[in-house]
Amino acid sequence: MELKGKVALVTGGSRGIGKSIAIKLASLGSDVLFSYTSNADRAKEVQAEIERMGRRALAIKADVSKIDDVERMIQEGMNYFSQIDILVNNAGVTKDNLLMRMTEEEWNNVMDVNLKGTFNVTKCLIRNMIKQKNCSIINVASIVGISGNAGQCNYSASKAGIIGFTKSLAKEVGKKNIRVNAVAPGFIATDMTKKLPEKVVEEYLEKITLNKLGEPEDIANAVAFLASDMSKYITGQIIVVDGGILI
Ligand code: NAP
């Protein structure tokens with residue numbers, strides 16, 4: 001697999017799954033533009049790590065739920081790289097609560113970042129991609145967008161929305177040779193899952209056929225495959241990477 005001559009945009013690329021994706025794509029030869037919101041030093045470290053691999057990298061502070069931020073990020077990215085061939089909509093948040101206790105703010109925040117953020121970034125980039133052709137969009141969904149999960153009505157609805165978005169956009173842009181796919185991770189060891197109580201983690205472990213948590217690199221490998229020409233006849237698909245939870 002190789003991505004030489006490509007430029008990738010990864011949202012939320014300074015930590016967790018997004019960082020692993022940014023580094024994996026760079027290791028395969030892609031230059032990388034990535035966004036962060038919270039920690040400029042951490043973003044600079046990832047940028048430096050990619051540059052040490054001999055690739056160009058640019059970290060831009062941008063909240064994907066804010067259209068002005070997204071437009072600025074795409075503009076700065078296009079000015080710097082002149083092309084963006086791979087888009088990975090990875091940025092995501094959880095605000096778990098039972099529906100009867102869920103506040104409107106918890107609902108809106110998760111929908112704004114996960115689903116509207118995916119819309120914002122893709123919408124801002126799609127015209128450029130249509131002009132360029134041979135592009136790949138990969139959205140990071142979740143198995144709970146397929147199975148549902150108690151305490152995550154907001155999160156699972158946002159991820160189910162991403163799955164519908166992925167299939168619809170794949171149909172819209174397939175003729176332009178733009179492929180649109182999603183990866184649906186199961187339980188991956190990152191900051192997002194670190195905050196879960198031990199009992200919940202143990203319950204999950206019992207359901208995981210391979211009997212261990214996934215690593216960010218497991219998701220990055222699937223994303224790299226979908227970004228590369230190795231998957232050139234695959235579009236509109238949701239690749240589940242969950243160690244066998246859903247079987
Ligand atoms: P994480 O460690 O909590 O990282 C979340 C990432 O999203 C960070 O890079 C963060 O950037 C970024 N982000 C949050 N709010 C943002 C906003 N408003 N605008 C732009 N970026 C924002 O989570 P993760 O586990 O790596 O998750 C990455 C993706 O995988 C998410 O879409 C998540 O839903 C999905 N996923 C994760 C799991 C899992 O088990 N971990 C399972 C299924 C799906 P900053 O650090 O700069 O704030």
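Note that ligands are numbered from 1 as they come in the structure, with each ligand's atoms numbered from 1 the same way.
At a heavy-atom distance under 4.0 Å, no atom of P216 approaches ligand 1. Contacts between D191 and ligand 1 below 4.0 angstrom, taking non-hydrogen atoms only, involve backbone and side chain alike. For F187, every heavy-atom contact with ligand 1 shorter than 4.0 Å involves the backbone, none the side chain.
Although no hydrogens or angles enter the test, the distance criterion places a donor-acceptor pair under 3.5 Å between the side chain of N90 and the main chain of T11. In terms of modelled atom types and a separation under 3.5 Å, the side chain of D31 and the main chain of R56 share a donor-acceptor contact.
Using a 4.0 Å cutoff on heavy atoms, K159 counts as a contact of ligand 1. For A184, the heavy-atom gap to ligand 1 stays at 4.0 angstrom or more. Within the 4.0 Å heavy-atom shell around ligand 1 one does not find S20. Not a single heavy atom of A189 sits less than 4.0 Å from an atom of ligand 1. Residue contact check for ligand 1: K19 places no non-hydrogen atom closer than 4.0 Å to it.
For atom 14 (C) of ligand 1, the nearest non-hydrogen atom from the set I219, L213, L196, V93 comes from V93. Across the listed options T94, T37, V46, I21, T37 owns the non-hydrogen atom lying nearest to atom 11 (O) of ligand 1. Among N114, V140, T11, N90, the residue whose heavy atom lies closest to atom 31 (C) of ligand 1 is N90. Considering D242, I188, I17 only, the shortest heavy-atom separation from atom 37 (C) of ligand 1 involves I17.
Taking every heavy atom of both residues into account, V32 and F81 meet most closely at O-CZ, 3.8 Å.
Between K207 and E203, none of the side-chain N atoms (NZ, or NE/NH1/NH2) sits under 4.0 Å from a carboxylate O, so this pair counts as no salt bridge. Here D191 pairs with R15 in a salt bridge; the nearest charged N to carboxylate O distance falls below 4.0 Å. The pair E51-R55 does not meet the salt-bridge criterion, since no charged nitrogen lies less than 4.0 angstrom from a carboxylate oxygen. Salt bridge status for K66 with D63: present, with a side-chain N to carboxylate O gap under 4.0 Å.
For ligand 1, the polar-atom distance check finds an N/O of D63 within less than 3.5 Å of one of the ligand's N/O atoms. Residue-to-ligand polar distances keep Y36 apart from ligand 1: every N/O pair is separated by 3.5 Å or more. Remark: ligand 1 and S65 share no N or O pair separated by less than 3.5 Å (distance only, no angle test).
Near G12, with a cut-off below 4.0 Å to any heavy atom, the atoms of ligand 1 are 9 (O), 12 (C).
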Ignoring hydrogens and angles, write down the donor-acceptor pairs under 3.5 Å from the side chains of residues 219-231, residues two or more places apart or on other chains.
{"unit_1": "N221", "atom_1": "OD1", "unit_2": "K24", "atom_2": "NZ", "d": "3.1"}
{"unit_1": "N221", "atom_1": "ND2", "unit_2": "E217", "atom_2": "O", "d": "3.3"}
{"unit_1": "S228", "atom_1": "OG", "unit_2": "F225", "atom_2": "O", "d": "3.0"}
{"unit_1": "S228", "atom_1": "OG", "unit_2": "M230", "atom_2": "N", "d": "3.1"}
{"unit_1": "S231", "atom_1": "OG", "unit_2": "R179", "atom_2": "NH1", "d": "2.9"}
{"unit_1": "S231", "atom_1": "OG", "unit_2": "R179", "atom_2": "NH2", "d": "3.1"}
{"unit_1": "S231", "atom_1": "OG", "unit_2": "F225", "atom_2": "O", "d": "2.8"}
{"unit_1": "S231", "atom_1": "OG", "unit_2": "L226", "atom_2": "O", "d": "3.2"}
{"unit_1": "S231", "atom_1": "OG", "unit_2": "S228", "atom_2": "O", "d": "3.0"}

